[in-house]
Every structure is written in C-alpha cells, then in structure tokens.
Amino acid sequence: MNPSAVFANKPNQKLKIALIGTGIRGIGFWGKTVVDQYSDIVEFVGLCDINPGRLALAKKYMGVSCNTYDHFDTMMKDTRPDLLIVTTVDATHHEFIVKGLEYGADVLTEKPMTTDEVKCQQILDAQRKTGKKVRVGFNYRYGTLFSRIKELLAEKTAGRITSVDFHWYLNTYHGADYFRRWHGYREKSGTLLLHKASHHFDLLNWWIDSDPVEVNAYGKLEHYGKNNPFRGENCRNCSHKAECKFHFDITKDDHLMKLYVENEKYDGYIRDNCLWRTDINIFDKMAVQIKYANDVQVSYSLTTYSPYEGLTIAFNGMKGRIDSWQDLPWRTEEKVSQDERHAREMNQEAEEDSSAYDEIIVSENFGKSELIKVPFARGGHGGGDRRLQDQIFRNPDLPDPLKHAAGLRDGAMAILIGIAARKSIDEGRPVKIDELTDLKPGVERNSVV
Ligand SMILES: NC(=O)c1ccc[n+]([C@@H]2O[C@H](COP(=O)([O-])OP(=O)(O)OC[C@H]3O[C@@H](n4cnc5c(N)ncnc54)[C@H](O)[C@@H]3O)[C@@H](O)[C@H]2O)c1
C-alpha cells in the first residue's frame, strides 16, 4: 500500500489530530502551519507535553481551542484521534508511537523514528499487531534538488550505480546548536548518527532503492564538549561571552525566549546551554561506510563544525557519474552569513528566487558532461516541508511516481543504519543490519515485508 494514502480523511469529516511534544517543531511545522494551511480538512483535538508553560503557549500560538494534557493516556482516551503526531525528544518517540497505535490511531512521527534497535522492534511489533499505519516525516526527500536526483537515478542516467560519496557539512551555527541542548546526549538523541544523519541515510536508501546490509563506522568527539579550556553555566550568564566565538544570545529571539527561557522553571530545560559541557557524549565527526543488498557501497561523513553549511554527493555508475552539491562557497555567489543562512533554512515561508538554481553535473564515461540547473527553493528544507504536508493532508491519493512517501519500513531502515554505525564505533566492528531487528534487507527497497 502506498504510505501516502495512510491518512486519507473519512468522507465529510475532518481528520482528528492529537499532538505530543509542543516544542519548536511541534507547535510550528506540525502545529501552526497545519492549522493555517489545512483547517478546512483537519482539526486538533488534543495537545500534550510535560512542560505546562510550553503547552499553554502552544495552544495560543497555534490558535486552537482543543484541550491540553500533561498525561498522554488521558489525552488519547479523551480525544480518540485519527492521527497522532509525535514531536517529542527522539528517545521518547517509541513510547508514544506504540501506545498511539494501540489506542487505534495512525501515527505520524518526526525523524528519527526512534533511537535504538529494541525500541525499533517494539514499534514494528505494535504496527503488525494493530494494523494501523506509521509514517515518518522525511521532508528532505521532497526538496527540489533531491527529487531531481531521484529522477535521474530512476532514469538510469549514469547506468547501474555502483558506489556513492556523500558528505554533509554543518556549520558552526547549525552544527553547534545540536550541542546546546538534549541532542548532545546519546540517551536522548541517539547521537547525530540518528538525530541528523537519519535524514541522509533515508535519502540514500530512497535514491539507491535497496536496503542496507552492513555498516562500518568511525566517530569521535574532539571539538565540542570537554574539548575546550573554559565553560560556563549557560550563554546568558557566562563570564566567557567575549572570548567564546560560539556565544549565542538567546535574549535577541523573542520566540525562543517565550518557548524555552520562560518555561525553564518547570523542567530545567536550558536552550542556550554551554557547548563545552563535560557530559556531552555524542560524536562531532562521523564517517560511515554502508554496503547495500544491491552491492552499492557508500562513503558518508558528517562534520559539525564546518565554516559553511553544505553537502557534496556523487553517484558512480557503470556508464558515468552524477555529481551535485549545495552551498559550497567556492561554487556560489551567495553572500549570506552562515547564521542568516540557517535561519532561512528553517523558515517555512519559502522565498523562491526565480533566478537561483542548484546544479547537477551528469558525466558520461568517454563522453560529454552536462550541467542540469534545478530551480532553487530555500525555505523549509528546499521547499520540501510544504510538499510533504500537502501530500499527507491535502492530496493523499495523488500518484507518487518517485515514491516520496516514507512508511514504517523506510523509517526503520534509515535509523538502523545510524544504530549500526553507533554500534560499529562502540564495538569496533562492522555491524549487519539483520542482527538488529527482525527486518531482513531486500535487494529492492520495500520488496521484503
Ligand atoms: N524533520 C526536521 O527537519 C526536524 C526539524 C526539527 C526537529 N525535528 C524533530 O522534531 C522533534 C522535536 O524537536 P524540537 O526541536 O521541537 O525539540 P524541543 O525540545 O523544542 O521540543 C520537544 C518537546 O517535547 C517535550 N517532551 C519531551 N519529553 C516528553 C515526554 N516524555 N512527554 C511529553 N512531552 C515531552 C518537551 O517538553 C518539548 O516541549 C525531534 O524528534 C526532532 O528530531 C525534525
């Protein structure tokens, strides 16, 4: 079944949505944006969070009149939603996905679906038992550049693909930000191999159109965390403001002040925490090799302290090669500062610049190279955020020729690469995907149940 048909509305009835996790992603992208764009076909029936201050703000910010809950089971029993949206801290997703399914709801979860193999198996079991649907919000697939790459691969433009080089650079604003709060602890985020790289592993699975079978990885924390001579309580109260290049003045951001700082008193969640906390225990550089069931091999890396934010990707095929990149300073005339760039990326109000474009070069072995210009969409993850939501809420029954919609198995395969990579680093050995859960890799993606 096409996962995009999962949340098809009942005739003449609005889709009843409950949401757990009223943080920035929950109240923004899956909250206010959904209310603003789709209120003719959906209605929020409940909001839940452990922080009462953020919960109250969520209701106001989203402009909804539904009840709010500090207890998940009470919300589910009271509201009986058609769809549960899960936007809590990554390591807690499984709890709500499993219970949500058991309460009879379909579930839309933010990535990563969960953070370890035991929780992943629990989700797989719950979905099989209940027959309800799980969908993962993999918005990157929907970006214009990534979709065009998928088309070229589907057309076999470079022949059969044999290997892929994929390198992702987070800059000293965006990359650093992950180390300020819960993402810096593997117990909460599963490390950036799950929290961030699961986006990239999903893209690889989708592009390569096969399942991963084995992963070998290296990773280390050598920039952030304990690796600095000084540290402070948090950026607001720090005595090293002048000398710390990473100083982040949260007081300049009204939204973050209201969402986090004003609600610290309830749970001690500090949004502008020190990057140099000694208990940060995730990697800040990661290198991962992946072997796929169709024999494609991937070299992937993630760097979190780059001077610029960007990526390079290359597909080596039997007949040629496909190269692409985004935001490499020596390839672009873009004169945007790196902090402004990050703010634009997260902005849902896509400002399309009709003259801007991304580039793909297709080179034939013994032949010519062709430059393909892909119209550029910066806002909301390359315009992907809006297209994802339209497919879920507005047009669930439209054909999905490039198979953008990501279901449970896609969500699982993306995180299983991250889990295998973390295990490989911890245990110093290659890790097979089929040793983690009962999912067996297939030569064709989604061919094995
Ligand atoms: N797809 C994307 O591009 C994208 C972008 C940003 C965030 N995300 C994902 O969205 C999710 C939320 O991220 P965020 O940046 O909004 O985080 P956040 O910290 O702002 O929000 C998390 C919220 O969950 C609440 N929470 C935590 N544990 C809970 C529990 N046990 N029960 C109820 N509430 C609980 C917190 O109080 C907080 O309000 C994460 O899984 C993240 O990976 C995805």
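Start at 1 and go down the list; that is how both ligands and their atoms are numbered. As a basis for the values below, the full set of heavy atoms in this structure was taken, side chains included, without hydrogen atoms, waters or symmetry mates. Residue numbers start at 1 and run along the sequence shown.
Close approach of ligand 1 to Asn139 (heavy-atom distance below 4.0 Å) involves ligand atoms 1 (N), 2 (C), 3 (O). For ligand 1, the atoms closer than 4.0 angstrom to any heavy atom of Arg181 are 15 (O), 17 (O), 18 (P), 19 (O), 20 (O).
For the side chain to side chain contact (heavy atoms under 4.5 Å, CB included) criterion with Asn205, the lone passing option out of Ile417, Asp211, Asn446, Ile290 is Ile417. When the options Trp182, Tyr269, Tyr266 are evaluated for a ring pair (Phe, Tyr, Trp, His ring centres under 6.0 Å) with Tyr260, the one that passes is Tyr269. For the ring pair (Phe, Tyr, Trp, His ring centres under 6.0 Å) criterion with Phe166, the lone passing option out of Trp207, Phe315, Trp325 is Trp207.
The distance criterion of under 3.5 Å between nitrogen or oxygen atoms is met by Ile24 with respect to ligand 1. When only interatomic distances are considered, the shortest N/O to N/O separation between Thr88 and ligand 1 falls below 3.5 Å. When only interatomic distances are considered, the shortest N/O to N/O separation between His183 and ligand 1 does not fall below 3.5 Å. Considering backbone and side-chain atoms alike, Trp182 places an N or O below 3.5 Å from some N or O of ligand 1.
Counting heavy atoms only, Lys111 comes closest to atom 43 (O) of ligand 1 of the residues Lys111, Met113, Arg25. Atom 30 (C) of ligand 1 has its nearest heavy-atom neighbour, among Tyr260, Phe96, Tyr140, Phe72, in Phe96.
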| request: Please test Tyr185 against Asp279 for side-chain hydrogen bond (donor to acceptor under 3.5 Å, both in side chains), starting from the C-alpha separation and ending with a verdict. | output: CA-CA 8 Å; Tyr185 302 112; Asp279 58 352; 3.0 Å; yes

| field | Check against side-chain hydrogen bond (donor to acceptor under 3.5 Å, both in side chains), His93 and Thr114 | value | CA-CA 6 Å; His93 288 176; Thr114 185; over 6 Å; no

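Using a 4.0 Å cut-off between heavy atoms, Tyr269 contacts ligand 1 through its side chain alone, with no backbone atom that close. Under 4.0 Å from ligand 1, not a single heavy atom of Leu259 appears. Contact annotation for Asp385 and ligand 1: no heavy atom of the residue comes within less than 4.0 Å of the ligand.
Lys119 places a side-chain N or O within 3.5 Å of a backbone atom of Ala91 that can act as its donor or acceptor partner.
Contact annotation: Phe138 has no heavy atom less than 4.0 Å from any atom of ligand 1. Residue contacts with ligand 1: Glu95 is excluded, as none of its non-hydrogen atoms falls under 4.0 Å. Residue contacts with ligand 1 include His93, since one or more of its heavy atoms lies under 4.0 Å from the ligand.
Between His174 and Tyr178, the two ring planes are tilted [angle within 30° to 60°].
Using modelled atom types, one finds no donor on one side chain facing an acceptor on the other under 3.5 Å when comparing His167 with Thr312.
Scanning all heavy atoms of the two residues, the minimum distance from Tyr224 to Asp284 falls at N-OD2, 3.0 Å.
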